[in-house]
Amino acid sequence: MKKQTKSIVRNVSVLTLITIVAGFALALTFNLTRDKIAEAERQEMLKSIRFVLPKDDQGNPIFTNAPDRMKFTMKMEAPEGEVHEEITFFPALAEDGRLVGFAVKAISKIGYGGDIGLMIGIDPNGKIYETYILSMLETPGLGTKINEDFKDQFIGKSIGADDNLILKKDDRKKGDIDAITGATISSRAMTNTVRKAINFYLENKTEIIEKVVEKDDKANVSSDVIDDTGNKSLHIESKDKTDTDAITDATTEATRAYEKKKSDKSRNKKNRSQHLRKRKKERSGK
Amino acid sequence: MSKIWQEFSKGIFKENPLLILLLGMCPALAVTTAVENGIGMGLASTFVLVCSNIVVSIIRGVIPNKVRIPAFIVVIASFVTIVDLFLNGYMYELWKSLGLFIPLIVVNCMILGRAEAFASRNSIMMSFFDGLGMGLGFTLALVVLSTFREILGNGTFFGIKLFGEGFEPAVLMILPPGAFITLGFMVAGVNAINKRREERSGK
Amino acid sequence: MTELLLIIVSAVLVNNFVLSRFLGICPFIGVSKKVETATGMGMAVIFVMTLASMITWIVEYYLLDPFNLSFLRTITFILVIASLVQLVEMTVQKIAPPLYTALGIYLPLITTNCAILGCAILNIQKNYSFIEASIFGFGSSLGFTLAIVLFAGIRQRLSLYRVPKSMEGAAIALITAGILSLAFLGFSGLVK
């Protein structure tokens, strides 16, 4: 009996000792890596934000604030019984405080294989700059094509009189988005969620811009987001909540930059297809 | 010296953990959609295997028999967590690709299996080489598997497009059925090679 | 109610643990030679996985998360699972000895079944509530059992036929699993 207790005690104490040592080692590693991990995740978020918002000639983002530090989340009302989805706004401000636009994070719950995480870059009037797929579980080679040419269709679109942010097959008159052959559900999921997000923005624009003004003095700049001029000042030009001039100016400036980007993009596309044709010729020549 | 080589090399061909011992199939099937992922998972598992083999070998004298499995598990789980944290902070893209299967390295029967079958009864140095050989053999098998799947299923190798615009990849290869079937053929292939070797040496 | 039903259907058919998520392959290939043993393993897994999902959920949200110890998740979960399996083994041995002898070695093997740990971690990643997590654990283990029993049925019949020498054993099993997985692909899109 005594021998049994002795062995049980030994077993338990050795196991406990090992666990304690392991716990210490892990706590140490955790502390060493904690900041690096937070930074890596922040960079990932910033990468998507930078991608969807306009850039200047050198490819640097026009905005100079830290959008992720000014972010705020709102709930989108859903019909009864459905879950209220969340939408997160990352405001982007230029050097002089003008509102360049927003990076909008929305999650599509109607994807084929699961949720689709979307980042949509919009100007203050709700016109789309670019989109970025944060995460998706769609069928590789089919649904995953939304991350290729499909999402380019959204560039420059907005919801206005046209309201053309619908799949062509869902609305033959107004729809302007071509679905991917064989991946209708994935295409529809992205299209409808983008439309939902922009609708939400336009319906609640005043409230959203108010929130940006609120966060004004809490904003700061981090060195990885600003460009060479090292600008650090950061105030929204006008505290008047309904100052449409500031917004219009920002829109014009941003639109100009965005138009330039579009022409650059089509120029690049032309170059690329010329290049491809050349390579094809070379290869067939062999 | 040749004993070291023997312990090391057996893990690569003769007792390849994936293809001969059939250990570690879960991660092998799941992450080998791209060569990059295969290498990442292989090396991460190798790191955990080598470290846990060393530690298990060090403490092999003092572990009471009844609690050895839980003790091994604690050691392995700790190293897995360390790898998880490290990848999360320093190799974010790879961490995202490997996803759920990083913590699942804990239950990769290869690691617990070597701890139980080898490291708990052998010297530290031998355990190190055993772990290294097994881990590299595992990685090699993963690389071959993911090469097939990526080239045929995605038209790329290590992310580099191999074929022109007209190539329609066999998407099935990067889906679950493709994984099972490719691994099945690989195992059959290795069996065939071994049988032929046996026949030749038998004659 | 429909939410929960959807979770089950999704876990059993659409995202089957073995044939879609690659969790639980080792026992899948190792234990599926006869339908009886496969059923026994399946039952054991259903019991352990459902319990484990519930307990690990509690551990995460009442112990790890409040104290910011989420980095200890892997190690605590696997220890919980190992202890749970040990406990189940001892209980079954006392309460139903014939069942214990029938399951034999499979019970301790469940510890290294990546499906259990995988399910526990997935519950946390999907932010499931306690009820949802329990249902997901139950549904996933049902899916595992379905896959392993189906597979055993095929393999039992396959053992009566001649297979090329190098294909015998795991190779033909894997290829069969691939075809079965192909069949299950047909279920995708069932749950939107």
Side-chain angles (χ1 to χ4, degrees), chain B residues 18-32 69-70 72-85 88 99-113 172 175-196, chain C residues 15-30 71-79 81-83 85-86 108-122 125 163-185 188:
Chain B
L18 180 66
L19 301 173
I20 308 262
L21 304 180
L22 302 176
L23 302 170
M25 282 191 283
C26 295
L29 293 168
V31 308
T32 46
I69 300 284
F72 295 165
I73 291 184
V74 170
V75 171
I76 298 173
S78 310
F79 284 116
V80 169
T81 311
I82 291 178
V83 167
D84 193 3
L85 290 172
N88 193 353
L100 177 66
F101 284 88
I102 299 179
L104 286 185
I105 297 179
V106 159
V107 284
N108 184 336
C109 348
M110 168 178 78
I111 305 185
L112 189 62
L172 192 69
L175 295 177
F180 282 114
I181 296 178
T182 314
L183 185 60
F185 276 111
M186 278 176 71
V187 171
V190 165
N191 280 346
I193 295 179
N194 273 342
K195 281 214 164 45
R196 213 167 295 169
Chain C
N15 280 316
N16 185 286
F17 249 52
V18 182
L19 301 171
S20 271
R21 292 193 196 262
F22 301 114
L23 296 172
I25 305 279
C26 292
F28 182 68
I29 302 276
F71 66 98
L72 290 179
R73 187 181 305 154
T74 309
I75 192 170
T76 29
F77 276 20
I78 191 69
L79 283 178
I81 293 172
S83 326
V85 171
Q86 192 79 335
L109 267 182
I110 296 181
T111 314
T112 51
N113 185 341
C114 40
I116 315 268
L117 181 61
C119 181
I121 297 182
L122 275 174
Q125 282 184 348
V163 166
K165 274 254 158 183
S166 51
M167 282 277 189
E168 272 171 15
I172 192 71
L174 283 167
I175 297 183
T176 314
I179 300 180
L180 193 57
S181 158
L182 193 58
F184 268 67
L185 260 190
S188 54

Sort out for me which of B:Leu23, B:Ile193, B:Val74 touches chain C most, counting heavy-atom pairs under 4.5 Å.
B:Val74
First locate atom CD1 of B:Ile76, then atom OG1 of B:Thr81, and finally report the distance between them rounded to the nearest 0.5 Å.
11.5 Å
Most heavy-atom pairs under 4.5 Å with chain B, out of C:Leu72, C:Ile75, C:Thr176, belong to C:Ile75
Region of C:Ile175 that comes under 4.5 Å of a non-hydrogen atom in chain B
both
So what's closer than 4.5 Å to chain B heavy atoms on C:Arg73: side chain, backbone, both or neither?
neither
Heavy-atom distances under 4.5 Å only: say whether B:Leu85 touches chain C with side chain, backbone, both or neither.
side chain
Going by heavy atoms in the side chains, are B:Ile105 and B:Asp84 under 4.5 Å from each other?
no
B:Ala179, part contacting chain C, at a heavy-atom distance under 4.5 Å:
side chain
Test item: C:Ser181 side-chain N/O and C:Leu19 main-chain N/O as donor-acceptor pair under 3.5 Å
yes
For B:Thr32, side-chain hydrogen bond (donor to acceptor under 3.5 Å, both in side chains) partners two or more places apart:
B:Arg149
Rounded distance [0.5 Å steps], CG in B:Leu112 versus CZ in B:Phe72
8.0 Å
Counting heavy-atom pairs under 4.5 Å with chain C, which one of B:Leu104, B:Leu29, B:Ile181 comes out on top?
B:Leu29
Need one label for C:Glu168: side chain, backbone, both or neither, based on atoms under 4.5 Å from any heavy atom in chain B.
backbone
Looking only at B:Ala188, B:Pro177, B:Ser78, B:Ala30, the option with the highest number of non-hydrogen pairs under 4.5 Å against chain C is B:Pro177
Looking at residues at least two apart in the chain, or sitting in another chain, which of them share a side-chain hydrogen bond (donor to acceptor under 3.5 Å, both in side chains) with C:Asn16?
none
NZ of B:Lys195: more than 12 outside heavy atoms within 6.0 angstrom?
yes
